[in-house]
Amino acid sequence: MSYVIAAGCCNDAACVDVCPVDAIRPRPGDPNFRTAEQLYIDPDTCIDCSACMFACPISAIHDGFELPDHLSDFAAINAEYFEEAPLDRRIVDGTPDSTSVPMGARIAVIGAGPAACYAVAELCRIPGITLTVLERLPTPFGLVRSGVAPDHPSTKQISTVFQSALQHPNVTCYFNVEVGKNVRLEELQRSHHAVIYAAGASGDRLLGIKGESLPGSHSARELVSWYNGHPDFVDNQYDFSQKCAVVIGNGNVAVDVARVLVSPVEALEATDMADQAITALRGSAIETVVIAARRGPAEAACTTSELLALCQVPGVEVAVIPEEVAGPGRSGQTASSTQLRKREVFSHLPDARLPADPGVKRIVFRFGVEPSEIHGNRKVDAVTFRRTGGRPAETETVECGLAIRAVGYSISRFPGVPFDESARTVANRGGRVIAEDSGKIQPGLYCVGWAKRGPTGVIGTNKECSLETVAALLDDLTFGRLPEPDLDMADMDRLIRSQNPRVVNIDGWNRIDAEERRRGQTGHPRKKRRKLLKLQEMLHHAARPDSEPDSSAPSGAKLPVAESNR
Ligand code: NAP
């Protein structure tokens, strides 16, 4: 029995690098790597050495002999991948050669989310390079902190990799600093050889239907940020007083939201979910969440692994309308093994038209329907769907108190960073930013992550994406294609502090982190972290000397004098 990659695979591919027999696919650089739901181990090639298990940053790899029952499907899921795509041992290029990089290069990174951190982790190891990381919030890790569902703590373990990159002596962190407000992009360009734009996707795709902006119609991005304690969203209000909620779209974000809305609150209390969200969900009347998607079950945007995990939430039944599962898909293409397995999982789920057991909550997957209108007088009370591919008259109205739009994130334009309107990303070629009209490379400006490739892929997908950009940057640096800075770092530091004296450095973040962990020790015995939710509170703890005993500064407390950055 070989090792098996199971639920929660982050696609970071740390396992690929250590496998002595090259048995893990897809690899960074393989054509399907960026779209892969997860990575897979070929059972016929694996030599059971366990190197991958120890390399996995989130403990998603298991000895096949010791697979827990709830993960038993994954042995077959790994094997099926190689039935469809037998192992080919083509050698792909590894990380870029950094031996000839000139000394003294300065690189700024805008953002401290996963893509930024993977780029920093790669660059900080290169002698002679210094990095400046700028982040709008006082806290790093982007969607690992404010996007990953609180009941997925193993996924969050990747932050230990990111923490050690940010902690590296070649890295200086400027958190609570907003580029464009506290320092201009142009000023960063003048003080660094290169700037990497890693600001992610901060907007929502829109449905463009009537009623979309009614109270009670919310983007999943905002709801997720709210329950994860993002300081911009903690004061949002959600009405959980109705029995039914509708989620539009069936990607992993939709699945996260649906699960959180019906999970037993006792399970959420053990997580780092924001206090105000736990309180609100404790009083929730929601019994049914309908997840509605325009395509068929095989084309569901959620991963098989998240779907299987959803079916195991205690006290929750996942159901379907069997005719919708049996109906033809919309893609017209031959289904892949991943799609066939997904349809197989849906085909074994109970009929949503039969009554659920008393006390059991329900998540109902609907297929082949798209919303045409969100109704309500002063707030949402129903969503009307029309059947895709059917006659226009075929509609159905679902009564609900909440309509959550989980149809994807969107990338916002940033002044000075060219935008590709058709791709809806930063205009770039392999991570080098290019002019919108001429396609000419903008020397010294790069991008990574969702800003570069769009809002798709799991956390670890960003590693390969960032490495591609880093390779381009190192190449440009080595061959002297980058402009020489005319401002020194002290000038830049003065500029930033003159705009915002409340800069949080890595030690400041470490103090916030320590305080959150300390607070986590009170309450539920399994709770590890209770997040600080207000910006003022975060800044207070970031600036507080370690010896100071006070742990609960009132909001708006006077802050100690700004600290030096290192
Ligand atoms: P997503 O995977 O792109 O899913 C978007 C969903 O919205 C799809 O079902 C899509 O349908 C639907 N949609 C888009 N436009 C629509 C429209 N106009 N009308 C109706 N439906 C529409 O996006 P996401 O769920 O926001 O996730 C973003 C990325 O983060 C994904 O790569 C996801 O895997 C990742 N993520 C991973 C995890 C995890 O690993 N646990 C958790 C959260 C997010 P079509 O498929 O028909 O276009």
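Counting convention: from 1, in listed order, for ligands and their atoms alike. Keep in mind that what you see is a predicted model, and the values were worked out from it rather than measured.
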Judged by heavy atoms only, the candidate from R294, R221, E370 nearest atom 18 (N) of ligand 1 is R294
Give yes if a backbone or side-chain nitrogen or oxygen of T456 is under 3.5 Å from a nitrogen or oxygen of ligand 1, and no if not. no
Going by the atom numbers of ligand 1, which of them fall below 4.0 Å from some non-hydrogen atom of L207? 17 (C), 18 (N), 19 (N)
For F346 and F367, take the angle between the two ring planes, folded into 0 to 90°, and tell me which bin it lands in: parallel under 30, tilted 30 to 60, perpendicular over 60. perpendicular
Show me which atoms of ligand 1 lie under 4.0 Å from any heavy atom of G249. 6 (C), 7 (O), 9 (O), 12 (C)
Can you confirm whether the side chains of E37 and T304 place a donor and an acceptor under 3.5 Å from each other? yes
Going by the closest heavy atom to atom 3 (O) of ligand 1, which one wins out of R405, R34, R205? R205
Short side-chain donor-acceptor distance under 3.5 Å, R453 and N462: yes
Need the ligand 1 atom indices (1-based, order shown) with element for anything under 4.0 Å from a heavy-atom of V253. 24 (P), 25 (O), 26 (O), 27 (O), 43 (C), 44 (C)
Show me which atoms of ligand 1 lie under 4.0 Å from any heavy atom of P455. 28 (C), 29 (C)
Examine ligand 1 and decide if any of its atoms is less than 4.0 Å from a heavy atom belonging to F385. no
In terms of ring plane angle, is the pair H230 and F233 parallel, tilted or perpendicular, where the classes change at 30° and 60°? perpendicular
Do any N/O atoms on P371 end up under 3.5 angstrom from N/O atoms on ligand 1? no
Of the listed options A7, G251, A149, closest to atom 4 (O) of ligand 1 (non-hydrogen atoms): G251
Taking the six-membered ring for Trp and the full ring for Phe, Tyr or His, determine whether the centres of Y3 and H62 are under 6.0 Å apart. no
Just say parallel, tilted or perpendicular for the rings of Y197 and F414, cut-offs at 30° and 60°. tilted
Are the side chains of Y227 and D256 in contact, using a 4.5 Å heavy-atom criterion? yes
Taking distance alone, with N or O pairs closer than 3.5 Å, would you say G457 contacts ligand 1? yes
Which atoms of ligand 1 sit under 4.0 Å from any heavy atom of A406? 5 (C), 6 (C), 7 (O)
Contact atoms of ligand 1, heavy-atom distance to V458 under 4.0 Å: 37 (C), 40 (O)
Can H375 and E399 be counted as having a side-chain donor-acceptor contact under 3.5 angstrom? no
Counting heavy atoms only, name the option from V148, I291, N252 that's nearest to atom 33 (C) of ligand 1. N252
So for atom CD, which belongs to Q237, do other residues, nucleotides or ligands contribute more than 12 heavy atoms lying within a distance under 6.0 Å? no
Do D232 and R136 have side chains that get closer than 4.5 Å, going by heavy atoms? yes
Find all atoms of ligand 1 within a distance of less than 4.0 Å from any non-hydrogen atom belonging to D256, and give their numbers and elements. 42 (C), 43 (C)
Enumerated ligand 1 atoms positioned under 4.0 Å from heavy atoms of R295: 45 (P), 46 (O), 47 (O)
